[in-house]
2 protein chains.
Amino acid sequence: MATIGDVARAAGVSRSTASYALSGKRSISADVRRRVEEAVRDLGYTPNAGARALATSQTMVIGLLAQFLEDEFAPAMLQYIQGVANTARELGYDILLVTEVDGTRGLRRVTDSRMVDGVVLLNVAEHDDRLPILRAASQPGALVGLPADCTGVDVFDLDFEEAGRLMVDDLHRLGHRELALVSQPEHVIERGGAYVWRLQNAAAEAARVRGITLHAIFASAHQPDVGRELHDLLDAHPGVTGLLINNEAAAAALPTVLHARGLSVPGDLSVIGRYSDEFARTFSLPYSSIESAPDRLGRMAVRQLVRRIEGEVGPDEPHVVRFVSPELVDRRSTGAPRR
Amino acid sequence: MATIGDVARAAGVSRSTASYALSGKRSISADVRRRVEEAVRDLGYTPNAGARALATSQTMVIGLLAQFLEDEFAPAMLQYIQGVANTARELGYDILLVTEVDGTRGLRRVTDSRMVDGVVLLNVAEHDDRLPILRAASQPGALVGLPADCTGVDVFDLDFEEAGRLMVDDLHRLGHRELALVSQPEHVIERGGAYVWRLQNAAAEAARVRGITLHAIFASAHQPDVGRELHDLLDAHPGVTGLLINNEAAAAALPTVLHARGLSVPGDLSVIGRYSDEFARTFSLPYSSIESAPDRLGRMAVRQLVRRIEGEVGPDEPHVVRFVSPELVDRRSTGAPRR
DNA sequence: CTGAAAGCGCTTACAG
DNA sequence: CTGAAAGCGCTTACAG
């Protein structure tokens, strides 16, 4: 592989001149620039990333910490990953994908060894083990997901409280008086997946204020459990006329369950989910839904992270906590309650 | 950040001794080893990855080339990524995820700049643009997906021909005489997604041999198109008693379509898909399916790649082309044809 | 506008 | 068993 020394020799200049000709960091005579560029072309020269990182203390790599947990809905993660990866590339960064179960180990490895200039943490829990490590690291970090303590990091998340209120209010307005909310598996909450109860608590509070009933259950992330749990829910609460689904696997399982029970939407039951439009179209989820905007959140996180990395915002400048407002995508799965 | 020089000073030894004490590449007195380890702990020392890469010409990073194409089914990709990422980590490697649309550019960047020790290419097309670049690179590569020319690379794929035969034979044995095969979008074939026609051709040939009819169509990767196309298919061929689905989005859309038409499975229609079991359970896909084994393929590719990287197989040793045999996971969606 | 030199933080022959 | 030194391939003050 050609080095900058080879390029310099071929162009008949010093290595520093070759380097400057390529970086443009000082003025170079037209003739020299031409010779250097020619040498680069002839030799097929590309700078060695490790050497450059060593010299500049910049890797041009962003660490992406994602975890695929058994009881969580892995496919949803992909859309965040895409948003992060695409935005990073647009800004000149590559992505180091860290998926190991023990996120703390992975985070420590990539920051301590300086493999990355900054990190994006996905699926952040309320008391996330990774946060103390991130705060101790010398690289900046951006989170997707709201932790209890946001100091020292930039945070981006869907406004799950507003999402919960919106779901309830929408069905209340249509005349529903008894609703059920199907959340992610209870394990997710125990692990600190705050978004589950943030939506649930807000929905419960909205129901209380409106004076209507809301049954809240947790459901699994896989068949056959999730199907059975949906049947159980409908058996237990025959008066329910509206379903709120904050669980992608449950949304995917629902059509079959309703078919088996001979129920139609929205005639017998109104349904609102919480997932991205892309998701709905890919998996034929037929219900109106709160857009979860994963690509947008990933994009926002990377943008802010790169601003920190590149010093456009000083390290003392206040960190941001930014919520994306939920929007309802109408797929005509809600209507007046059956009587 | 502490360097090996800091460690050496704290331990009262030379930098080389500190380095050897950590790598274990030559014998070190117990006392020195203890002092070095203590210094490492006290200082929180971790080797700088860029410096190490420069000195050893090893990055301990594998490039993972994945592309999320508009007309393809992105979520399936995630399972390959997980297989690759987990196996890489087990073997001590990190993953650089390259998702840009122009895979050739990405591949060239990460190989030329020596950011990676080797690469895994996902979703390889028959005449894949990335292959000439990979062959010219100095790092080894492993593919998931079968190209026309396999020279210089290790190749892993599902045996799609066998999958096609298996689907047809299974329904033929049950007495079906008119089948339809729903493939990925035609764009995928045009782009060179050979697996689509490999399965389709083998299925057609099996049908020919058995003397039965097989209608083959392409369907979209999203709603609402895919739903409409399934309806059109069933309208056009009322005599069809068995459906073969080589298209995840179509498998997800089918329950709703059949429900709308009042058809039950397997009473009115037998159905066999081609997707992973994990996928079926996550998305409530109720049909028997050929296991596509994405995690296994990802794992095999990384294992072989690392063997090449680490010189366990010489560069002249023959490259492998290995097919995973399809296995049918029974979900009771097939039976005798309606009469 | 250009060059010689130092330095980034490691590893590893070479010498003892 | 240990140390001094060279070298990996860059970038960037420093000097002219």
Side-chain angles (χ1 to χ4, degrees), chain A residues 1-37 39-40 43-61 109-117 138-139, chain B residues 1-37 39-40 43-61 92 109-117 138-139 310:
Chain A
M1 215 47 202
T3 72
I4 189 114
D6 299 327
V7 170
R9 195 173 324 114
V13 297
S14 72
R15 297 193 307 155
S16 57
T17 299
S19 177
Y20 282 118
L22 292 174
S23 69
K25 288 193 182 172
R26 74 181 185 192
S27 29
I28 296 283
S29 71
D31 180 47
V32 165
R33 165 167 297 125
R34 199 189 40 71
R35 270 153 47 209
V36 170
E37 279 164 4
V40 165
L43 298 169
Y45 169 73
T46 307
N48 178 302
R52 176 173 277 179
L54 186 56
T56 61
S57 309
Q58 286 210 134
T59 62
M60 300 308 286
V61 174
R109 181 178 68 254
V110 301
T111 52
D112 281 357
S113 67
R114 311 198 99 78
M115 298 179 84
V116 300
D117 294 337
S138 47
Q139 297 97 330
Chain B
M1 216 47 202
T3 72
I4 188 111
D6 299 327
V7 171
R9 195 173 324 114
V13 297
S14 72
R15 296 193 308 154
S16 57
T17 299
S19 177
Y20 281 118
L22 292 175
S23 69
K25 288 193 182 172
R26 74 179 183 193
S27 30
I28 297 283
S29 70
D31 179 48
V32 165
R33 165 166 299 125
R34 200 188 40 69
R35 270 153 45 210
V36 169
E37 279 164 4
V40 166
L43 298 169
Y45 169 74
T46 308
N48 179 302
R52 176 174 278 179
L54 186 56
T56 61
S57 309
Q58 287 211 133
T59 62
M60 300 308 286
V61 174
R109 182 178 68 255
V110 301
T111 52
D112 282 358
S113 67
R114 310 197 99 77
M115 298 178 85
V116 299
D117 294 337
S138 47
Q139 297 97 331
E310 302 188 346

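If you're wondering where the values come from, they're calculated on a predicted model, not measured in any experiment. The chains referred to below are lettered A, B, ... by the order of the sequence lines, with proteins before strands, and numbering in each begins at 1. Worth knowing before you read on, the calculation uses all heavy atoms, side chains too, and leaves out hydrogens, waters and symmetry mates.
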Trainee: Working to the nearest 0.5 Å, report the span between OG of Ser29(A) and CZ of Arg35(A).
Mentor: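 Answer rounded to 0.5 Å: 7.0 Å.
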Trainee: Of the listed nucleotides (dT11(D), dC10(D), dA5(C)), which one gets closest to any side-chain atom of Ser19(A)?
Mentor: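 The answer is dT11(D), which lies nearest to the side chain.
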Trainee: Counting distance alone, no hydrogens or angles: does the base of dA4(D) have a donor or acceptor under 3.5 Å from a partner atom on the side chain of Tyr20(B)?
Mentor: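 Check fails, no donor-acceptor contact within cut-off.
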Trainee: Hey, what do you get for CZ (Arg52(A)) to CG (Leu54(B)), rounding to the nearest 0.5 Å?
Mentor: 13.0 Å
Trainee: Do the side-chain N or O atoms of Thr17(A) get closer than 4.0 angstrom to the phosphate oxygens (OP1, OP2) of dG3(C)?
Mentor: yes
Trainee: Starting at CG of Asp112(A), measure out to CG of Asn48(B) and round the result to the nearest 0.5 Å.
Mentor: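 If I round to the nearest 0.5 Å, the distance is 11.0 Å.
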Trainee: To the nearest 0.5 Å, how far apart are OG in Ser27(A) and CZ in Arg33(A)?
Mentor: 8.5 Å
Trainee: Using only heavy-atom distances, determine whether the side chains of Arg114(A) and Ser138(A) contain a donor-acceptor pair under 3.5 Å.
Mentor: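 Note: Arg114(A) and Ser138(A) side chains meet the donor-acceptor criterion.
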Trainee: To the nearest Å, give me how far apart CZ (Arg52(B)) and C1' (dG9(C)) are.
Mentor: 11 Å
Trainee: Testing the basics here: between Val32(B) and Val13(B), what is the closest heavy-atom pair and its distance to 0.1 Å?
Mentor: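 Scanning both residues completely, I find the closest heavy atoms to be CG1-CG1, 3.9 Å.
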Trainee: Given Ile28(B) and Tyr20(B), is the side chain to side chain contact (heavy atoms under 4.5 Å, CB included) satisfied, shown in steps?
Mentor: CA-CA 8 Å; Ile28(B) 297 283; Tyr20(B) 281 118; 4.1 Å; yes
Trainee: To the nearest Å, how far apart are Ile4(B) CD1 and dA4(D) C1'?
Mentor: 15 Å
Trainee: Taking Gln58(B)'s backbone N and O only, do any of them form a donor-acceptor pair with Asp117(B)'s side chain (distance below 3.5 Å, no angle check)?
Mentor: no
Trainee: At 4.0 Å (heavy atoms only), tell me whether Ser113(B) reaches a base, stays on the sugar-phosphate, or touches nothing.
Mentor: nothing
Trainee: For dA13(C), which nucleotide is its Watson-Crick or G-U wobble mate, given both distances must be under 3.5 Å?
Mentor: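 Because no pair has both required distances under 3.5 Å, dA13(C) counts as unpaired.
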Trainee: Going by side-chain contact (heavy atoms from CB on, under 4.5 Å), name the residues that satisfy it together with Ser57(A), two or more places apart in sequence or in a different chain.
Mentor: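 Per chain and number, Ser57(A) pairs via side-chain contact (heavy atoms from CB on, under 4.5 Å) with no residue.
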Trainee: Considering every strand shown, what is the Watson-Crick or G-U wobble mate of dA4(D) when both distances are under 3.5 Å?
Mentor: none
Trainee: Using a strict heavy-atom distance below 4.0 Å, which residues from residues 22-35 of chain A are in contact with DNA chain D?
Mentor: Lys25(A), Arg26(A)
Trainee: Return the polar atom pairs (N/O with N/O) between nucleotides 6-8 of chain D and the protein under 3.5 Å, or none.
Mentor:
none

Trainee: On DNA chain C, check which nucleotide each of Ser16(A) and Asn48(B) is closest to and give me the residue with the more 5' one.
Mentor: Ser16(A)
